[in-house]
Amino acid sequence: MAGFLLFLTPIRDAFFKENDPTHAYAMLAPHLNNRKLGPEEKRAVYELAGLILRKQKKYDEAIQIYSAIKDWYQIGYCEMLRGNLLATRNYWARTTEQRENHWSLTLFGMISRQLNHYPTSFQIRNHIESDIHNLISAMQFNYLENVLAYADFLIQINPEAYKFLGRSLMHSSWVDRAGDFLLKGQKALPNDPEIYFHLGEYSEKKQLFEDTRIMLHQCLLISPTYYPAQEILDRLPA
């Protein structure tokens, strides 16, 4: 198993580091029908293949891949990204049969504006940023707005929630929408150097360079070894 996972390394590098899903899938595809794969090896290959296809918005193909390993959560996720709420609910119901407190309960509740479940702080940290990014990438803007409407709820469970939302919006090129959440994040966590760093990033993207300097200097005042902040300061125009 360990040797095979080593074999997957260049494929993962092509996908995650080089952002080249086409090349990654070309390397991975010949192994999808390898009958010598053990159950864990097959799952590793198919999970990566499904993720690559999902990134390419090839949802039908991704669903076929995930069906082969009975990954109901990822099948439902693909259905969500293509706007099929009923199918999403049905597949995620199968997910929660296996894991009662699964994140899908929270995510479905938010996108449908029918949330009646409390996630854990850890779940919010692990999932919310990628969900925001994926909804934007899939142009599911109604679902996105529904999730953002629960920001004040999420902050009660995880005090970093505003920061997570603002950072994901900013890194997904929704810079204008990111600002309000980042500012709320600063009020929620006034001693967090990371939120000042992200406010500095935001200000730089808005070409508000004096604000950028103020935010990044505040970041470094709290955490003098926060080197990414110094890197931005060093490249700012005089």
Is the closest side-chain heavy-atom distance between Leu199 and Ile214 below 4.5 Å? no

Would Gln186 and Tyr196 satisfy side-chain hydrogen bond (donor to acceptor under 3.5 Å, both in side chains), going step by step from the backbone distance to the final call? CA-CA 7 Å; Gln186 184 270 332; Tyr196 292 101; 3.0 Å; yes

Carboxylate-amine/guanidinium proximity below 4.0 Å for Asp211 and Lys206: no

OH of Tyr66 to OH of Tyr73, rounded to nearest 0.5 Å, is 10.0 Å

Decide yes or no for Ser112 and Asn146: does some side-chain heavy atom of the first lie under 4.5 Å from some side-chain heavy atom of the second? no

Looking at Tyr46, does the NZ or CZ of Lys42 lie under 6.0 angstrom from its six-membered ring centre and within 45 degrees of the ring axis? yes

Under the 3.5 angstrom rule, does the side chain of Thr96 hit a backbone N or O of Ala93 as a donor-acceptor pair? yes

Does some side-chain heavy atom of Ile52 sit less than 4.5 Å from a side-chain heavy atom of Arg12? no

Side chain proximity check, Ile132 to Val147, heavy atoms < 4.5 angstrom: yes

Inspect the contact between Glu160 and Lys163 and indicate whether a charged nitrogen and a carboxylate oxygen are less than 4.0 angstrom apart. yes

Suppose the criterion is salt bridge (Lys or Arg N to Asp or Glu O under 4.0 Å): which pairs have a residue in residues 50-75, not counting sequence neighbours? Asp60-Arg82

If the threshold is 4.0 Å, N to carboxylate O, is there a salt bridge linking Arg167 and Glu201? no

Heavy atoms of other groups near Asn142 CG, more than 12 under 6.0 Å: no

Rounded to the nearest 0.5 Å, the CD atom of Gln114 sits from the CZ atom of Phe108 at a distance of 6.5 Å

Salt bridge between Glu204 and Arg235, side-chain N to carboxylate O under 4.0 Å? yes

Decide yes or no on side chain to side chain contact (heavy atoms under 4.5 Å, CB included) for Leu107 and Tyr77, but give the supporting numbers first. CA-CA 10 Å; Leu107 183 54; Tyr77 206 95; 3.9 Å; yes

Going by heavy atoms in the side chains, are Thr225 and Ser223 under 4.5 Å from each other? yes

Using the six-membered ring wherever Trp is involved, compare the ring planes of Phe153 and Tyr118 and label them parallel, tilted or perpendicular (cut-offs 30° and 60°). tilted

Say you draw a straight line from CD of Glu47 to CG of Leu51; how long is it, rounded to the nearest 0.5 Å? 9.0 Å

Counting distance only, does the side-chain N/O of Ser137 pair as donor-acceptor with the main-chain N or O of His133 below 3.5 Å? no

Full working for side chain to side chain contact (heavy atoms under 4.5 Å, CB included) between Tyr25 and Leu48: CA-CA 9 Å; Tyr25 194 78; Leu48 183 55; over 6 Å; no

Test item: Ile157 and Pro119 side chains (from C-beta on) under 4.5 Å apart, heavy atoms: yes

Answer yes or no: does atom CZ of Phe122 have more than 12 heavy-atom neighbours from other residues, nucleotides or ligands under 6.0 Å? no

Salt bridge (Lys or Arg N to Asp or Glu O under 4.0 Å) pairs touching residues 138-156, sequence neighbours excluded, are Glu145-Arg177

